Amino acid sequence: MLQVEGVEAGYGSSKVLFGIDLELGKGQLGAMMGRNGMGKTTTVRAISGLTPASAGSVRLAGRDITALKPYQIGQAGIALVPEGRQVFPTLTVRENLVCTASNRSGLGLWTLDLVLDHFPRLRERADQLGNSLSGGEQQMLAIARALMTNPKVLILDEATEGLAPLIRKGIWKTLGALKAQGQTTLVIDKNLDEMANVADHATVLVKGRVAWSGDMAAMRAVPDFAETYLGV
Amino acid sequence: MSQLFLEQLLNGVQLGMFLFLVSAGLTLVFGFMNIINLAHGSLFMIGAYAMALIGGVTGSFLLALVLSLPVVACAAWVIEVVIIRRLHERDHLDQVLATFALILFINEGTTMLFGRVPLFMDVPASLSGTVTLPGGVTYPLYRVAIIGAGLAVALALWLIIARTRVGMQIRAGTTNRETVEQLGVNIDRLNTLIFVVGAMFAGLAGALAGPLTSVEVGMGENLLILCFVCVVIGGIGSVRGAMLGAITVGVVDTMGRAFVPDILGRFLDPATASGISAGLSSMSIYLLMVVVLVFRPTGLFPVARSV
Amino acid sequence: MRDTHHLPFLLGCLAALLLLPFVLQATGSSYLISTATRLVVFAIAAVSLDLLIGYTGLVSFGHAAFLGVGAYTVGILSFHAYEDTTLIGLPGTLSGLVAIPLALALSALAALIVGALSLRTRGVYFIMITLSFGQMLFFLFVSLEQYGGDDGMMMFEGRNRLPLLDLNDRISFYYFCLAWFVLFFWFCTWLVRSKFGRTLAAIKQNQDRLSSIGINAYWAKLQVFVIAGVGAGLAGALSANHTEFVSPALTHWTRSGDLMIVVILGGMGTLVGPVLGTFLFLLLEEFLPLILRGLGLGLLSEHWRFVFGPILILVVLYAKTGLYGLIFPRRG
Amino acid sequence: MLEIRNLCKSFGALKAADDVSLTVERGTIHALIGPNGAGKTTLIALLSGYLQPTSGAIAFDGRDLLAVPTHLRPHAGLVRSFQITSVFPEMTVRENVCLVLQSVAGQARSLFRLAAADRAEQEEADATLARVGLIDQADALTGNLAHGQKRQVEIAMALAARPKLLLLDEPTAGMGVEESRRIMDLLESLRDSVTMLLVEHDMDVVFGLADRVSVLVYGKVIASDTPERIRVNADVQEAYLGDHELHGEGD
Amino acid sequence: EVKIGMITTLSGPAGYLGQDVRDGFLLAIAEEGGMLGGVKVEVLVEDDGLKPENGRAIAERFLERDEVEIMTGVIFSNISPVVAPLTLRAGRFYITPNSAPSQFAGKNCHENYFAVAWQNDSLHESAGLNATSQGYGNAFVLAPNYQAGKDAIAGFKRYFEGEIVGEVYTQLGQTDYAAEIARIRAAGPEMVFQFLPGGMGINFAKQYDQAGMNEEVPMVLAAPSSDINILRAVGESMVGVSSSSHWNHDIENDANRAFIAGFEAEYGRSPTVYASQGYDTAKLIASALMKTGGKVTADMDGFRSALKAADFDSVRGAFAFNTNNHPIQNWYARIVVERDGEFLNETTGVIAENHADAYASECALN
Ligand SMILES: Nc1ncnc2c1ncn2[C@@H]1O[C@H](COP(=O)(O)OP(=O)(O)OP(=O)(O)O)[C@@H](O)[C@H]1O
Ligand SMILES: Nc1ncnc2c1ncn2[C@@H]1O[C@H](COP(=O)(O)OP(=O)(O)OP(=O)(O)O)[C@@H](O)[C@H]1O
Ligand SMILES: [Mg+2]
Ligand SMILES: [Mg+2]
C-alpha cells in the first residue's frame, strides 16, 4: 500500500533524513520507533508532503505521490494525526470532524455517528470549541478527525500522548479492530509493549537512518532491543 | 420631535446597513481568511466605476449591476493570484504593505484611465423618489433598497460561513494551515475563491453606492477605516458581529450628528455648541470604539479564538 | 537581535551622514540638506515605531499621534511667544531648552495614557484602538481653531533658539537632528539588546507564557509604548522645527500608515531596516517623478504612484525581511 | 505547603473543578491522575492564576494564593509547566532559560543590563539544560526542535524559576523512553528541595515517583492515598486504569 | 529665460483642481509659443501630494537648485503657509492662483505676495450677498468641520442679512448626509448654503435631491460647490441651483472667449473656474514680464509695480489689485441650467461690483 524508498529530507539547509525505506502492505500496521529528534516526525511529514522529500520516492497503492502537494496527498488517501494534535481551535468539535470529512478509501466506514460512538467524550463536547478541550480530548478529536476522512493509510504521530491509560488501551484496541477491517496504518509511539501487540512490523530510526526493521517476532528475538535502539 | 427622532433612527440604521454592505466582504476576507486587505476600498471603487461606466454606455441599471460584478471578480482574482496568495504565510504586516501599494497602483491607474473628474451615476427611475413609511416618515426609495441589499448580503454571508464546509475549512485554515492541507483541502484555491467572493461583495457595495455618493478615485479609502471600525466593534469573525457593529456605528454616528448640537445648545451658546458638537461628532465613532474595546477588549460579540 | 553585528556598516553610514552636507555643498545641491534633515527626522519616528511593531509585536496604527503631540508642543509655545499671549497662565517660548524637553514629556504622558488603555487589547483590536486614539487626537487638533484648525499654524518666529547653535542655519539644524537621531538609534540598539529587549522579544513570540515565568507583560508593554511615544514626540518636535509649520495632517492615520509602511519596507525587527525604509520611501516619493521624467516617461512622471506601488509590491514579495533582508541576506 | 479548600470552577454548565479539597505536604511528590477531561489541567491553571475559581480558597505557604497576581506567583515560588508545549520559538534554547532567570532576578524590565553580557546567567542556564539533558541543543532555535526536545525545554524553564512548589502538567508526555527516564531521575533528585504536584498519565512515572496520589474524576477528588492503595482501589481502576493495570507495568 | 516654479496638488481626489490650474497656466504659455509677454519661460511643475513637508522640499529645490524667480500653483491653504514664507524670504515672487488664506491678506501681507483668484473668504461673502439679494429671509448653513469650512460660514454670514436658523459642521470626508438633511427639513429654512468641497458636495447634492429637498428648500452655493465637474457628476439634480462666482464661461469679453476656445481645442474639455485662474495668473505674469523686459528679481521694484498694475485682460473682465495685493473684482450670480443634455452655469447678473476683501485694512502695504 505504502512504499517509501530512499527518502531524504530536511529543514532549510540542515538535512534530517538520510534515506528512509519503509514498506507497508495493505491492511498492515507498521510501527515506527526511535528516540527524540531522530526523524520520525520528519519521515511522516515527508510522506504527507509537508516537508517535501529532496530525494527518494513515496508510492501509495502503486501511485507515485512524492511530488504531489500536501492536499493532493491527503486526497489520495493519507491521513495524518499530527504531533501536538493541531485541532482547529476556533471550530467546534463537530465542525472539526465534518470540516474535512470524506470517503477516500471508498469503504465509507466512518461516519460522524460512528466516530462519536467511539469517543463518547467527544459527543458530550460536540458543540464546544476545539481549544477549550482538555489535552486528551484534543487528542481524541485529532484521531477522530483523521478517521472521518476514511483514509487508505492512517498515520498516527504520537497519538496516545497524554491519554489516560484506559483511553489509550481503547485506542490500541481500535487500531487492532481497524487492522482487522483492512485499514493500513503507520504508528509512531513510545509504548513499545502495547505497540508490539498489534503491529505487524517495526522500523527503528536513529539519526535519520533506518537502524533496524523487521517483523515483531524478529524484534522479540533481538536481545536487549529497547536498550540498543531506544537507549533505555 | 418623536417623528424626527424616528426618522433619524431610521437614518442611523440605514447608514449602518450601508456600512455593513461595504464591510461584508471585509468581514469575509479579514475575519475568516485573516488577511488584512487595505485594497478592499479599491475593489469597492472598481465596482462603482464599472457600474458608472457600463451604466453610462448601456443606460440600464440592472445590466450594469450584473456586468460590474464579474469585472470586480476578475480584478480580485488577478490580485489574489499574483499577490495575496504569496502572502498567506507571511506576516500580517506584509499584507498591509502590499495592499497599501495596491491602493496606490489602482488609484493612479484609474486616474490615468478615467481622469480625475468624478463620474456620473444616477438612481434608476424605478428606485427614485420617496416612499411614505408607516408612521408618516417619507424616505428615499433607494435607501430602502440599500437596506434590502444589506439584509440579502448578510444572509448570503451567513450561509457561506456557517452553513458550508467551505466556511469551516477556511476558518480551520487560518489557524492550522498545514493540518487542513494535509487532510486534503486545497486551501490555496479556497482562499482565491473566498477572496473573489469578498471582492464581489465590495464591488456590489460600490455599484450600489454610486447613486448615493461621489464616484471618484479614492472613494473607498474613507469608508475603509469606518468598515474596519464596524467589523472590530462587532467582534472579528462573526457576521452577526459585523452587522451589529455596523448598525451601532451607523446609529451612534447619525444620532450624534442629529441631536448632540441641540442638546449641547441648551447649555452653551450656539456657536460654541456647534463647534464642540462638530468636534465630538467627528470623534464619536472613534470614541465609541475606544470605549467598547477598553471594556470589551475583543469587541461586542467575540468569537473565541485560540490563545 | 540579528542586526547588532554590522558595526562597520553602521559606522560607514554615520560617516556618510556626517559628511553629507559638505558633499552636497561641494556639488552645489545644498537644497538637499533640507531633504536629508527630513529623512533623519522621519527615521527617528520609524525606528521608534519599530520598537513596537518589530520588537514587541505591537502593531500600533496611531503612532503619528505622538508625532503630533511633540510638534504641537513646539508649535503652540512658539505661537504664544509670537502673539505674546499665555496658555493657562503660562507664556510661550522659543527656547529649545524648554520646548523640546516639554515636547518629550508631553508625548510620554500621552503615550502613557493611550498605552494604559490600549494595551488591554491585543492583535487587530490593538491596531484599531490605537488608530482610534490617533484619529481622536487628529480631530482634536483640527478643532483647535486658535491654532489654525486643520490648516495648521506657521511658526512665524522661525525655529527654536538654543544657546551656541543657530537652528535657523540649515547645516546646524541638520547636525542637530542627526545628533538626536544617532542618540536615539544608539539608545534603541542598547534597548533591544538589554534584558528588557529580551522580554520584549518574548512578548512578541508567546505573550501568554510570560506570567507563568513571573513577568507582567502589561507593564513591559507599557514601558516600551512610552519609550516609543517619546521617540515619535522627539521626531514631531524636530519636524515642527524643520518645516516651521504644524498641522493636524501630522497625526492623520495616513501618516501612521506611512510610518508603518517604511518600517515594513525596511525590515521589521531590525533597527537599520526602518532607516533604510525611510530613505527609500521618502526619496522615491520625492524623486521618482523626476527620475521618470528624466527617462522621458512624462505621463508616468505625473502618475508616479503607478510605478511606486508595484515597486513596493516587488519588495514585499521578493525581500522577505524588507530592504534589510536584501542587503544582509540571512546566513545559513 | 499547599492547601486547596472547596475549590470550584465551572465553564457554563460544566464543572471542571467540583468542590476540590487537596493538601500537598512540603517535600513530597504528589501525583494527580484522572481520566482525560477530569479537570487536572484546570486545577493547575487555577493554582497558577491562569483561571479564576468560581469559589473556594487556596493557601500556599501559609498565605492566601488567590490574592497574589498571576505574574507574582512564580516569584513566590509557585511555578508551572504546560501540557501543551509553550516555549519562545524564535529564541535559542539557552535564551528561553535565561529569560526565566532574568525574571526571577527581577530584571525583566531592566534597560541597564545587556542580555548577552550576563555570563553568570548563561552559566546557570547551561547548568539547568545539562540537568534535563539538552545542553547540546543550547544554541538551537527552540522552534526547530523535535517535539520531545521542546518538552525538555519546558521542564528546564520550570526548574530555572527556582520553584518551591512545582506544578508539572504531564512533563514526560511526548518524550521517548530514555528522556522520560532522565526526567524521572531529575525529579527524584529534586525531591528534597522542591515540592511537586505532578499530573501524569504514565503510570511508570506516577508510581515510580509519587509519595501520594490523588485521583480526579469529573472534577471531583474520588481518592487520595498512597500509591500502593490507589493501585488497588477498585474505583480508580474502573474509572481510570482499566483492569489490566492491576498488575502494573512498572514492575 | 525666466523660471517659474509651480507647486500644485495633482494626486488624490482633489487632483483635478491642480490639474486645471496647471493646464490653464500652460495654455497661456502655449499661446505665445513658450513665452509669456514675449519672454521665454520655463515652468517646473510638481505635485505636493497635499503634504506640507513635500511642499517644503519642492520649494527648497525650486528656489535653490532651479533658482525659480516666481513661485505659483499652490491649491490648498495648508501648503501655502509653508511655501509662501520660504519663497518670500528668498526674495522671489509668490503669485497664488487659488489658495489665499486670510493671514496673508491682513497682518502678514507681503509686497511680493499676490493673489490672483480671490481672498478665500470672498467666495462665501459673495454667496451671502447673493442670498440676500435674492431676498431670502433665513438660511441653514452647512460646512465641514475644518478651517476652510468655518471661514466659509463666517464669510457667508458677513454679508447675509437674514437669520441663520441652523449652523451645522459635518465630518471631513463624510459620505452620508441623511441626518443633516432630516435636520434641514425639520428646521424648515427658506434656503440652504453649503460649502462641502469635492466628493462631499457631490454626495450631499445627490442625497439632497433624492430626499426630494431640491423642490422644498433651494440651495445657494459658492463657486467651488457648483463647478462644471460637480454638475456633471451630480447631473439632473443640480438644475436650478444658484451660485456665485468671479468667473463664468459665459462672461462676455474677448479674453474669455479666446480662453475657452483655446482651452477646449487644446485639452478637449471645458475649462473650470480653476483653469481660468491658472490662465489669468499666467497672463498677469506675462503683462509684468512684458513691462520689465523679462527682468524679475533683477528688477524687484519694477516687476512688483508691473504686477500691481495688473495691466492685462482678465478673462473675468475688470480686475485690479487692492493695497494688500488681493483682487478687487466683480462677483456674478449664476444658475444651473440644462442645455442639450449638458449642465451649465448661466450668468444671471452681477452680485457685487468691485468687491474687495475684508482684511485689506489690516495690511500695512499701500
Ligand atoms: N522546523 C524545523 N527546522 C529545523 N530543524 C528541525 C525542524 N523540525 C525538526 N527539526 C530537527 O530535525 C530533527 C528530527 O526531528 P523530528 O521532529 O523528525 O524528530 P522525532 O523523531 O519526531 O522526535 P520526537 O520524538 O521528539 O517527536 C531534530 O533534530 C530536530 O531538531
Ligand atoms: N475554556 C473552557 N471552556 C469550556 N470548557 C472547558 C474550558 N477549558 C476546559 N474545559 C473543559 O473542562 C474539562 C477539564 O479540562 P482539563 O483540561 O482540566 O482536563 P484534564 O484533566 O487536564 O484532561 P487531560 O488529561 O486530557 O489533559 C474538559 O472536559 C474540558 O473540555
Ligand atoms: Mg516527533
Ligand atoms: Mg490536561
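Letters A, B, ... mirror the listed sequences (proteins, then strands); counts begin at 1. In this text the structure is predicted, and so the values were computed from the model without any measurement.
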Considering non-hydrogen atoms only, spot the tightest contact between Pro89(A) and Thr175(B) and give its length. CD-OG1, 3.4 Å

Chain B: which of Pro82(A), Ser132(A), Ser48(A), Cys99(A) shares the most heavy-atom pairs with it under 4.5 Å? Cys99(A)

Say whether, by atom type as modelled, one donor and one acceptor occur between the side chain of Arg171(B) and the main chain of Leu91(A) under 3.5 angstrom. no

Hey, what do you get for CG (Leu183(B)) to CG (Asn96(A)), rounding to the nearest 0.5 Å? 10.0 Å

Heavy-atom donor-acceptor pair, Gln182(B) side chain to Pro70(A) backbone, under 3.5 Å: no

May I ask you to say whether Glu181(B) pairs ionically with Lys69(A), meaning some side-chain N is under 4.0 Å from a carboxylate O? no

Neighbour count >12 (heavy atoms, 6.0 Å) for atom CZ, Arg165(B): yes

Show your reasoning for whether side chain to side chain contact (heavy atoms under 4.5 Å, CB included) applies to Gln72(A) and Asn186(B). CA-CA 8 Å; Gln72(A) 291 168 321; Asn186(B) 184 352; over 6 Å; no

Look only at the side chain of Asn176(B) and the backbone of Phe88(A), and say whether a donor-acceptor pair between them is shorter than 3.5 Å. no

Which atom names give the shortest non-hydrogen contact between Thr179(B) and Arg145(A), and what distance separates them? CG2-NH2, 3.4 Å

Please assess Ile187(B) against Tyr71(A) for the test side chain to side chain contact (heavy atoms under 4.5 Å, CB included), listing each intermediate value before the final yes or no. CA-CA 8 Å; Ile187(B) 194 87; Tyr71(A) 77 90; over 6 Å; no

Determine yes or no for a side-chain-to-main-chain donor-acceptor pair under 3.5 angstrom, with Glu95(A) supplying the side chain and Met168(B) the backbone. no

Highest number of heavy-atom pairs under 4.5 Å with chain B among Gln86(A), Met148(A), Arg45(A) belongs to Gln86(A)

Checking heavy atoms, do the side chain of Val180(B), its backbone, both or neither come under 4.5 Å from chain A? both

Quick check: are there more than 12 heavy atoms from other residues, nucleotides or ligands sitting under 6.0 Å from CH2 of Trp77(B)? no

Heavy-atom distance under 4.5 Å to chain B: side chain of Ala101(A), backbone, both or neither? both

